[in-house]
Amino acid sequence: MARVVVDVMPKPEILDPQGKAVHGALDRLGFGGVADVRQGKRFELEVEGEITEERLAEIRNIAETLLSNPVIEDYAVRVDESVSAEGGAA
Amino acid sequence: MKVGVVTFPGSLDDVDAQRAVRLAGAEPVALWHGDHDLRSVDAVVLPGGFSYGDYLRCGAIARFAPVMTEVVAAAHGGMPVLGICNGFQILCESHLLPGALIRNDHRKFVCRDQRLRIDNAATAWTSSYEAGDEIVVPLKNGEGGFVADEFTLDLLEGEGRVVARYLDDNPNGSLRDIAGITNERGNVVGLMPHPEHAVEDLCGPGTDGLGFFTSVLSALVK
């Protein structure tokens with residue numbers, strides 16, 4: 001087993017009302033020095049077998065088809081190396 | 001004339017949409033999200049609500065419901081398809097319409113009677129109106145902000161594919177006050193406000209919404 005992480009973020013030019021709400025809350029709580037907040041999603045895919053280029057291409061396809069909407073979001077796919085081949089966290 | 005109304009888990013306005021279809025003079029047919037069957041309908045309405053709990057993104061899971069395979073194929077073949085609110089979101093996620101709907105810019109759910117201007121009265125769903133008509137129908141959404149890139153917005157405006165625009169205050173931050181759009185062919189229309197809630201004098205702000213449902217009848221007769 002291996003873990004593949006897909007991060008999905010609103011595109012920079014797309015308004016992110018949730019991020020703005022979080023940013024506003026930081027101000028109200030007295031946490032200063034944060035210029036901006038954008039909120040996205042993180043998906044952890046537990047993948048059976050070896051991670052190959054083919055599997056990664058398939059996961060990019062998943063990210064583009066379902067996990068993100070390319071009209072408003074960008075995604076990034078990476079293998080989480082902290083998860084060992086036996087499936088336990090390192 | 002049969003108009004199908006799809007029920008997804010979490011649909012809310014399917015029964016109102018069926019009633020609007022009946023009041024317009026057509027036979028409403030209930031369609032189920034899990035079926036690969038359009039039951040010989042002549043047109044389809046994707047109603048409002050929160051399909052699949054709006055998980056992931058509004059409309060993102062509904063897009064892959066079995067019935068949507070048939071709806072997308074039929075839409076490409078020219079069948080009239082109207083997506084209202086959540087249905088509009090599903091049409092965008094399905095790539096039958098360009099752009100996307102995001103959370104309202106003011107971050108509050110909005111529920112009110114909304115004045116609209118019909119900009120395109122040549123679609124399968126708006127031919128009962130005249131371009132420039134002003135109508136009032138309910139609007140209720142949390143994620144109704146229509147967005148698209150500048151190129152797409154210019155294209156939509158240039159080809160007259162903006163079907164309806166918000167008048168008075170823009171209720172959700174939709175770019176260029178867009179409340180509804182159509183595809184190149186004019187058979188697929190997505191609309192954020194709810195014409196199916198304005199079809200009887202007894203409740204709602206009037207009967208301004210009925211025209212969407214009478215339009216499709218004349219489109220089908222042609």
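All chains are named by letter (A, B, ...) in the order of the sequence lines, taking the proteins before the strands, and each is independently numbered beginning at 1.
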Notebook entry, point to check: Are there residues of residues 79-108 of chain B that reach to under 4.5 Å of chain A by heavy atoms, and which ones?
Noted result: Glu93(B), Gly99(B), Ala100(B), Ile102(B), Arg103(B), Asn104(B), Asp105(B), Arg107(B)
Notebook entry, point to check: Of all the residues in residues 170-187 of chain B, which have a heavy atom that comes within less than 4.5 Å of a heavy atom in chain A?
Noted result: none
For a quick test of your reading: what N or O donor-acceptor pairs under 3.5 Å do the side chains of residues 66-76 of chain B make, sequence neighbours left out?
from     : atom 1 : to       : atom 2 : distance (Å)
Thr69(B) : OG1    : Pro66(B) : O      : 3.3
Glu70(B) : OE2    : His36(B) : ND1    : 2.8

Check: Looking only at heavy atoms, which two atoms of Val147(B) and Ile72(A) are closest? And how far apart?
Finding: CG2-CG2, 3.6 Å
Notebook entry, point to check: What are the two closest non-hydrogen atoms of Arg57(B) and Asn69(A), and how far apart are they?
Noted result: NE-CB, 3.3 Å
Next item on the list: Sort Glu73(A) into side chain, backbone, both or neither according to what part of it lies under 4.5 angstrom from a heavy atom of chain B.
Entry: side chain
Next item on the list: Examine whether an atom of Lys20(A) lies under 4.5 Å from a heavy atom of chain B, and if so say whether it belongs to the side chain, the backbone or both; otherwise answer neither.
Entry: both
Count the heavy atoms of every other residue, nucleotide or ligand shown that sit under 6.0 Å from [atom1] of [X], and state whether that count exceeds 12.
X        : atom1 : result
Glu54(A) : CD    : no
Phe50(B) : CZ    : no
Phe64(B) : CZ    : yes

Margin query: Restricting to side chain to side chain donor-acceptor pair (under 3.5 Å), what partner residues turn up for Asp14(B), sequence neighbours left out?
Written below: Thr7(B)
